[in-house]
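First the structure, in the form of structure tokens, and then the observations on it.
If you're wondering where the values come from, they're calculated on a predicted model, not measured in any experiment. What's counted below: heavy atoms across the whole structure, side chains too, no hydrogens, waters or symmetry copies. Sequential numbering from 1 along the given sequence is applied to the chain's residues.
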Amino acid sequence: MYDDATQPLPVVGPQPGRTQAPETPNPAPRRSRRAQGDSTPPRASRRRTEDRRGRTPDRKERTAAERERDKRLRLAGRGIMAMVAAGVMGITGIVWYGETSLDQGFTRSGAISPEDVNLDGDINMLLIGLDTRKDLNGNDLPKEILDQLHAGDGTEGGYNANSLILVHIPKDLKHIVAFSIPRDDYVAVQGIPGYDHAKIKESYGLKKYTVEEKLKAKGMAEGPELERQGREAGRASIVQTVKALTGVPINRFAEVSLAGFYDLATALGGVDVCLNHAVDDSYYSGAQFPAGPQHLDGSDALAFVRQRHGLENGDLDRTHRQQAFLTSVANSMKSSGTLTNPGRLKALIDVAHKDVVLSDGWSLTDFATTLGRADSPSVEFRTLPVLRYDNVDGQDVNVIDPVAIKKTVREAFGVSTPAAPSAPVVTPTSTLDVVNASGTPGQAAKVSKLLTDKGFPAGEVANASYADGTSSTVYYGAGADTDAKQVSEMFGGLPVSPSTSVSAGHVKLVVGSDLDIPATLDPTATSTTPTTTANGSSTSLTATTDTTTSDAPDSGKPVTTTIGSKIPCVN
């Protein structure tokens, strides 16, 4: 999938006769059956005439304060390049410029949970690429910008978090790990009326819509304040959804929209990429490129990272393109001298202030200075694995293994996984219903007996309905949240979700084929949980075999890179 070969780069940009057709409208988020019940870089300043020894006439000697400022700029600049390589495409221009701290120029958000802010020096950062044709105040983007984005007339799309990258930066800065999260992963969600599962990308927009409808019912009019509160709810929702999926706390996040992505790529002067095969996706994303290495302008760079039609592995290939793009941005900043060019640097700063939203309390000057102490930290890009593709309520989704994902991410981030308790800590009072979605006869009865032996009051044992889904999940009705969490913990951390279809005082456990019965519950149990190999494929572990599922979607091999390394070729 990746090929590190590099060659001289042709320039790809607007070509005679090339059209940029708008993408077809994205469907608005639909309720599942469970619901029933111009930032242009400034021109370079004129060059000064140099004397024969290369000095500029009449140039004043720098003061000690100016020399100290330049030292901080260089140190922060090194941190910026490391930060971009880690995936912070939206913050490429954050440095100490002149004598002014730039932390004050950003839109801020309070979406991070207070208990997650301090992780003993580590940073777990969620990067959100928001697919919206609106600005931060909810206004439609100008037509000339939409034309550059291949985004139609602005009526398409919603507020989907189409790009999600979770980055771990340890305090020793030795090895940075970044996980791309496929946008169609079907996950448990909370706090969204009518939904207990949704595509992970929809967690932002569905919550935003819910909160805005409540505010409008109370009399709030359409406008910037309604947009601000709706987006804040969306940000908190996507942060909590990713946190629940991966099992690790998140203490930083950055959000950038389609327009911001375009502006940043343009301010950088475009990026270098490499394709394994020629592509023509002019009808959808606007991507129309030859095979091999090439240089893309801002508009084409956006098309490059957005394309999913016509790719061998669809959205999974798109995550690899996002990773390659970030590597290219880091290389470009290092090789082009952007961080020492006042004009380019100012353009990046202005774009970041306009288009990027950051979590409260994040001092980027301190962050950049800290990262600047590491010349070129290694960065490992990975993609969360997908078990298979499926269709739920008419929507194509990625079926995943939440337990295996938690284990994979925690191990990569150096977070210990707590041992599953052998018995509930608090005496259960909720009735436990167990339904079988595993395809193996008798699994629900077996699991029900194991848990009732541990003190859970026995309830209904039955086969799962279509609305229950196929993944192991714990649902609960009013007043049963504590017992639902206890059931989840006893199976290593299953997704937990409230549900209006579950009676008050009841917990409903869906037993999927992905359920791993720990030895603490059944010492004779054999693990059959699909886990993740190094290349992202799905492996089923049994007592006597270790086989790889050949038809599992290809998440690609991990890519480890450093600043200045070769740009990987991708599909």
Side-chain angles (χ1 to χ4, degrees), residues 31-37 185-190 194-199 386-404 428 430-478 480-481 483-518 521-522 524-530 538 540 542 549 551:
R31 290 180 179 269
S32 69
R33 293 190 181 184
R34 299 178 180 84
Q36 302 171 3
D185 283 1
Y186 197 56
V187 301
V189 295
Q190 295 191 33
Y195 291 84
D196 44 41
H197 275 72
K199 293 182 181 183
V386 173
L387 291 180
R388 66 181 186 278
Y389 301 129
D390 206 340
N391 187 280
V392 177
D393 299 319
Q395 296 193 85
D396 293 330
V397 302
N398 301 332
V399 177
I400 59 173
D401 179 357
V403 174
S430 306
T431 301
L432 177 66
D433 302 321
V434 184
V435 296
N436 189 4
S438 70
T440 303
Q443 280 293 91
K446 176 181 179 179
V447 171
S448 176
K449 184 177 187 309
L450 291 173
L451 290 174
T452 55
D453 287 348
K454 298 293 184 179
F456 287 92
E460 180 185 11
V461 175
N463 288 323
S465 67
Y466 180 81
D468 291 322
T470 59
S471 297
S472 298
T473 309
V474 182
Y475 300 111
Y476 63 91
D481 54 328
D483 287 340
K485 292 176 182 177
Q486 292 196 109
V487 172
S488 169
E489 291 167 357
M490 292 177 71
F491 285 94
L494 294 177
V496 180
S497 181
S499 176
T500 55
S501 65
V502 178
S503 301
H506 280 243
V507 173
K508 183 178 185 178
L509 171 60
V510 178
V511 176
S513 59
D514 58 341
L515 186 70
D516 181 19
I517 300 177
L521 280 178
D522 182 7
T524 66
T526 300
S527 173
T528 58
T529 301
S538 174
S540 178
T542 68
T549 304
D551 59 351

Under 4.5 Å between any side-chain heavy atoms of Val392 and His197, yes or no? no
Can you sort out the partners of Lys199 under side-chain contact (heavy atoms from CB on, under 4.5 Å), two or more places apart, ordered by chain and number? Asp184, Lys201, Glu202, Gln395, Val397
Provide the closest heavy-atom pair for Ser472 versus Leu494 in the form atom of the first, atom of the second, distance. CB-CD2, 3.9 Å
Can you name the closest pair of heavy atoms from Phe491 and Leu521 and give their distance? CZ-CD1, 3.5 Å
Can you sort out the partners of Pro498 under side-chain contact (heavy atoms from CB on, under 4.5 Å), two or more places apart, ordered by chain and number? Gln190, Tyr476
Taking the side chain as everything from C-beta on, heavy atoms only, tell me whether Tyr475 gets closer than 4.5 Å to Val510. yes
Inter- and intrachain pairs under side chain to side chain donor-acceptor pair (under 3.5 Å), touching residues 433-443, at least two apart: Asp433-His506, Asn436-Ser438
Does the side chain of Ile400 come within less than 4.5 Å of Leu387's, by heavy atoms? no
Apply side-chain hydrogen bond (donor to acceptor under 3.5 Å, both in side chains) to Asp453 and list each qualifying residue two or more places apart in sequence or on a separate chain. Lys449
So which atom in Val386 and which in Val399 form the shortest heavy-atom distance, rounded to 0.1 Å? CG1-O, 3.6 Å
Could you tell me the separation between the CG atom of Asp393 and the OH atom of Tyr466, rounded to the nearest 0.5 Å? 5.0 Å
On a heavy-atom basis, the closest approach of Ala458 and Thr431 is O-CG2, 3.8 Å
Would you list the pairs meeting side chain to side chain donor-acceptor pair (under 3.5 Å) in which at least one residue belongs to residues 486-499, sequence neighbours left out? Asp483-Gln486, Ser499-Ser501
Do you know which two heavy atoms are closest between Val461 and Ala445, and how far apart they sit? CG1-N, 3.7 Å
Over all heavy atoms of both residues, which pair between Thr473 and Pro495 is shortest? Give the atoms and the distance, please. CG2-O, 3.5 Å
Would Lys446 and Ile517 count as a side chain to side chain contact (heavy atoms under 4.5 Å, CB included) if you check the C-alpha gap in whole Å, the side-chain angles of each, and the deciding distance to 0.1 Å? CA-CA 10 Å; Lys446 176 181 179 179; Ile517 300 177; 4.2 Å; yes
Can you run down the salt bridge (Lys or Arg N to Asp or Glu O under 4.0 Å) pairs that involve residues 491-512, sequence neighbours left out, and say none if there aren't any? Asp468-Lys508
I need the Asn398 CG to Tyr186 OH distance, nearest 0.5 Å. 12.0 Å
